[in-house]
Undergrad: 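Take a look at the following structure, please.
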Amino acid sequence: MPYNRILTIQDISCVGQCSLTVALPILSACGQETAVLPSSVLSTHTAGFTGYTFRDLTDDMPAIEAHWKKEGITFDAVYTGYLGSDKQIEYVKSIVNTCLKPGAPFIVDPAMADNGQLYPGFDDAFAATMATLAFSGDIILPNLTEACLITGYEYRETYDRAYIDGLLDALVERGAKTIVLTGISYREGYTGVVVYDEGKYSYYEHEHLEPGSHGTGDVYSATFVGALMNGHTTADAARIAADYTVRCIKATVGDKDHWYGPKFELELPWLIKNL
Ligand code: PXL
């Protein structure tokens, strides 16, 4: 198993099973050294809870970058998720320039929206800045809503393969290199992931389970990065991440009190075995 040092930059939602509290254990389970840069600390995530606290850590970022630079600390991959502000995105770009090893992948999950809507606290200006980060990445992991927001492509709830092809063209035109587009459904009861890599389209279909809980996108992205850094191809990493995410949702759906995040911990033994 290749052992890499990965930096992941996203928030800590203290309660809610998303972002860093998902990415760190999953990447560790994937056998990867994982460094974290918390973009902010919230008492809970923002989807379904009200009155959460929000401590912005943007202003800490330049000093953290300077210290890493002084220590000569570099990373074999950088993977970003939920970020809190435009200024933060500019700092993230600088950290990637300073600390990512030459030729190493920069993976961006533009985590900011779902089901046609931006998460609370985000606006179109933020989406435009997130687009600049996404298109500077080597691999992007948007859902359909995020892919539309970063390209300006019309969001539709129902669509066909021609619509998705048009969206992929729009992403490539803006500068996307490798695209892993999640939550694409061509028939009732199923959804899947489109991988567009070196001009080739592939699709991995899996069961569609309702209700999908918040944080499943973060489970998906962290698992994708962990599998990729274990040497799997983009398409294989996308498939492993899909299978694991479906298992996590299945482990959660029966428990109505556990609406706020996926019980991903229960399926970590499966992930470790199937990497
Ligand atoms: O990527 C999901 C996520 C991460 N972090 C915070 C969130 C959400 C989704 O709503 O609110 C703070």
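This one's a predicted model, so the numbers in the text were calculated from it and none came from an experiment. Ligands are counted one by one from 1 in listed order, and the atoms in each one are counted from 1 as well.
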Undergrad: Under 30°, 30 to 60°, or over 60°: which ring-plane class applies to H206 and Y204, parallel, tilted or perpendicular?
TA: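 The rings of H206 and Y204 sit tilted, inter-plane angle from 30° to 60°.
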
Undergrad: Does S19 have a heavy atom less than 4.0 Å from any atom of ligand 1?
TA: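 The answer is yes: ligand 1 sits under 4.0 Å from a heavy atom of S19.
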
Undergrad: Distance to 0.1 Å, residue and atom name: give those for the protein heavy atom nearest to atom 12 (C) of ligand 1.
TA: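 Answer for atom 12 (C) of ligand 1: S13 OG, 3.3 Å.
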
Undergrad: May I ask whether C18 places a heavy atom under 4.0 Å from ligand 1?
TA: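 A heavy atom of C18 does come that close to ligand 1.
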
Undergrad: Between T46 and ligand 1, which part of the residue brings a heavy atom under 4.0 Å of the ligand: side chain, backbone, both or neither?
TA: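 For T46, the contact with ligand 1 is made by both the backbone and the side chain.
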
Undergrad: Is there at least one pair of N or O atoms, one from D218 and one from ligand 1, spaced under 3.5 Å apart?
TA: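 Yes, since at least one N or O of D218 sits under 3.5 Å from an N or O of ligand 1.
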
Undergrad: May I ask you to check whether D197 and T178 show a side-chain donor-acceptor distance below 3.5 Å?
TA: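 Yes, side-chain donor-acceptor contact under 3.5 Å.
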
Undergrad: Assign the ring pair Y186 / Y159 to parallel, tilted or perpendicular, where the plane angle (0 to 90°) is split at 30° and 60°.
TA: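 Ring orientation of Y186 relative to Y159: perpendicular.
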
Undergrad: Counting only heavy atoms, tell me which of G121, S40, S43, A47 gets closest to atom 10 (O) of ligand 1.
TA: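 Looking at heavy atoms only, the winner is A47.
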
Undergrad: Does an N or O anywhere in D11 fall below 3.5 Å from an N or O of ligand 1?
TA: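 There is such a contact, yes.
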
Undergrad: Could you tell me how the ring of F49 sits relative to the ring of W259: parallel (under 30°), tilted (30 to 60°) or perpendicular (over 60°)?
TA: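 Because their plane-to-plane angle lies in the 30° to 60° range, the rings of F49 and W259 count as tilted.
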
Undergrad: Quick one: sort the F122 and F126 rings into parallel, tilted or perpendicular, breaks at 30° and 60°.
TA: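 Plane angle under 30°, so parallel.
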
Undergrad: Taking E90 first and then K93, would you say they form a salt bridge - that is, a charged N and a carboxylate O separated by under 4.0 Å?
TA: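 Answer for the salt bridge query: yes.
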
Undergrad: Which protein non-hydrogen atom lies closest to atom 3 (C) of ligand 1, naming both residue and atom, and how far is it?
TA: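 Going atom by atom, the protein heavy atom closest to atom 3 (C) of ligand 1 ends up being Y82 CD1, 3.8 Å.
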
Undergrad: Could you check whether D165 pairs with R161 (Lys NZ or Arg NE/NH1/NH2 to Asp/Glu carboxylate O, under 4.0 Å)?
TA: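 Looking at D165 and R161, the cut-off is met.
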
Undergrad: Does G81 have a non-hydrogen atom less than 4.0 Å from ligand 1?
TA: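 Not so, G81 does not reach ligand 1.
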
